[in-house]
*Asks:* 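Would you mind keeping the following structure in view while I ask a few things?
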Amino acid sequence: MRYAIYMNMTEKSSDKIKEMSYYLPFFSAILAIFSFNTAWNFLILVALAPLFRFLIQEQKIWKLLAGTALFRLIFKLGTIYFVIDPILYFLSILIFLGLPISFYLIRRYWSSELAAPLLPILWIFWDYIEAQYTALPMTIAMAGNALGNSPFLGLAKFDGIIGLTLFVALVNIFITFGWLEINGSRIKRLIYFAVAILIVISGWIISIKVLKENQRVYRNKARTMEVALVAVDKVENQLNNFAQTLPFQTKASLIVLPENLYINTLDNEELVRAYYGQLARNLNRELSIVMTASESGKVYKSSLLFSASGSIISDYKKHYLTITSEYWPFGSWKPFYFNPLDYPPEHRHKAIFEPRYQHSSGEPSLLNGTDYAFANPICLELHYPDYLEKLIGLIPDFFIHNSNNDWISLGLNQYLNLTNNLRAIEAVYLQRPVLISGIQDYAGVFYPDGNKILLYPARGAAVADVLVQF
């Protein structure tokens, strides 16, 4: 099959396409936005087709760049509107422009026949590169994440978010090929659409089988443990007895508190650490917390595991740091829209404002309790699939994802929905329960078979008592 046929259509058809080509990236972005923002997540299976058609039919590199940039900008504004940062958006889109550039170079200097069939691979590569190398990770905006709450979730077993994104791209490219044959061969058109449908049906069947198998394997695990996970709607500004008033079940062996539940600075870290130790003693349970802590002259975002007697028995130092709050590589320069006076005093203890809050990066490790071990990716670390693979290589019994989302002023529900999709995907792929605890977040668990338990702190706090097997 010579795919050059797609650039050599009839003159009449070609003129019609040129008239509408500028609308294709826009239409693609709108479909993608609907798939990420509504229950119509299945729209992602056709959302990329208009953009793919645009890339295939357009010959001028500057138009390819402009159309792709338009698609990405509209998609981001409609999907991850909880983060609107001009510099972040610019750098993110700049990375993604590698897609039209690489496609153009392949088509012009290597093979026009292979360029179109390679689009799914190019899409996965640049979608993933953008997600991982933007200053704030954009994994929740990868195409496959739209299917994190869909009948296709089981496909996450095959390379996680990348496998789901491949599935999305393959369906879209065959729809595109069929669409391009609307005025061409009827047989080829039917074949392309039939292949797309076959991929969708096969994916659905495989997904069901994978989730059932994950469930069987998980339920056959010999050991069980009860964990109490806490979610709250705000940071506590003073050390009080709030945590002791929460309704913990007596059977819970481990209590997990959100990241920075109590206001925590370098000036009160010793006091906060001692408080958590006393809290563990009062509750007579092992206690997992996340706080800012210094060690040997360096600052870390640390996860600490306290024994029931109040001593620290294990710790983990965050590896991937958050730009602005935990590290700032540009010295005294900062964008004009980062003014410390725009933040309440308790939110000014950030690396961008105070150099002493420049954090150091830790190494991958597990936290080891009495008779269990868990990985504790903190906040955005869950958005780095390669890092999670390093943690799974350490053989944890389960994962705990702590977060503090009080930085989000607009679009919190959207952020949580997308993050929960990613959590579900990771649980299936890693074949481990992913437990969650956070501020302005849920308390609960995502199981490897796609089941989940989620409680939101509608009245200040929520405690989810979950059972994990390992």
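Quick note: residue numbers are just sequence positions, from 1.
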*Asks:* I need the Q358 CD to E326 CD distance, nearest 0.5 Å.
*Replies:*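 The distance works out to 10.5 Å.
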
*Asks:* Will you find, in the side chains of Y429 and E389, an N or O donor that is under 3.5 Å from an N or O acceptor?
*Replies:* yes

*Asks:* Once ring pair (Phe, Tyr, Trp, His ring centres under 6.0 Å) is applied, what residue pairs with a partner in residues 204-229 remain, sequence neighbours excluded?
*Replies:*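 Ring pair (Phe, Tyr, Trp, His ring centres under 6.0 Å) check on residues 204-229 returns Y218-Y447.
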
*Asks:* Should the pair E426-R423 be classified as a salt bridge under the 4.0 Å nitrogen-to-oxygen rule?
*Replies:*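 The answer is no: the pair does not qualify as a salt bridge.
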
*Asks:* Starting from the C-alpha separation in whole Å, work towards a yes-or-no answer on side-chain hydrogen bond (donor to acceptor under 3.5 Å, both in side chains) for N149 and N41.
*Replies:* CA-CA 8 Å; N149 185 28; N41 47 35; 6.0 Å; no

*Asks:* Just verifying a value: how many Å separate L391 CG and D386 CG, rounded to the nearest 0.5 Å?
*Replies:*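 Here the rounded value is 11.5 Å.
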
*Asks:* Under 3.5 Å, is there a donor on one side chain and an acceptor on the other for Q440 and N405?
*Replies:* no

*Asks:* When rounded to the nearest 0.5 angstrom, what distance separates CG in N402 from CD in E381?
*Replies:* 10.5 Å

*Asks:* Please name the residue in the list F125, W123, F90, Y133 that meets the ring-ring contact (aromatic ring centres under 6.0 Å, His included) test with F96.
*Replies:* W123

*Asks:* Side chain of N172, backbone of V168: donor and acceptor closer than 3.5 Å?
*Replies:* yes

*Asks:* Have W40 and S35 got a donor and an acceptor in their side chains that come within less than 3.5 Å?
*Replies:*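 There is no such pair (donor and acceptor under 3.5 Å, judged by atom type) between the side chains of W40 and S35.
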
*Asks:* Can you tell me how far apart OG1 (T224) and CD (Q469) are? Round to the nearest 0.5 Å.
*Replies:*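 Between atom OG1 of T224 and atom CD of Q469 there are 6.5 Å.
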
*Asks:* Mind checking whether Y387 and H319 have parallel, tilted or perpendicular rings, split at 30° and 60°?
*Replies:* parallel

*Asks:* Examine F54 together with F71 and report whether their ring centres are nearer than 6.0 Å.
*Replies:*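 Here the rings of F71 and F54 have centres that are no less than 6.0 Å from each other.
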
*Asks:* Roughly how far apart are Y128 OH and T165 OG1, rounded to 0.5 Å?
*Replies:* 10.5 Å

*Asks:* What is the distance from atom CZ of F103 to atom CG of L119, rounded to the nearest 0.5 Å?
*Replies:* 4.5 Å

*Asks:* Walk me through whether S92 and E130 qualify under side-chain hydrogen bond (donor to acceptor under 3.5 Å, both in side chains).
*Replies:* CA-CA 6 Å; S92 177; E130 181 200 20; 2.4 Å; yes

*Asks:* Regarding K350 and the six-membered ring of Y357, is the cationic atom NZ or CZ under 6.0 Å from the ring centre and inside 45° of its axis?
*Replies:*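 No, K350 does not lie over the aromatic ring of Y357.
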
*Asks:* Take the angle between the ring planes of W333 and W328 and call it parallel below 30°, perpendicular above 60°, tilted in between.
*Replies:*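 W333 vs W328 ring planes: parallel.
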
*Asks:* Test of understanding: with side-chain contact (heavy atoms from CB on, under 4.5 Å), list the residues that count as partners of I199, not counting sequence neighbours.
*Replies:* F167, L170, V171, F174, V195

*Asks:* Return yes if some donor-acceptor pair links the side-chain N/O of T176 with the main-chain N/O of R53 below 3.5 Å, else return no.
*Replies:* no

*Asks:* Checking Y415 against D441: is there a side-chain donor and acceptor pair closer than 3.5 Å?
*Replies:* no

*Asks:* Who pairs with E226 by salt bridge (charged side-chain N to carboxylate O under 4.0 Å, His left out), at least two apart in sequence or on another chain?
*Replies:* none

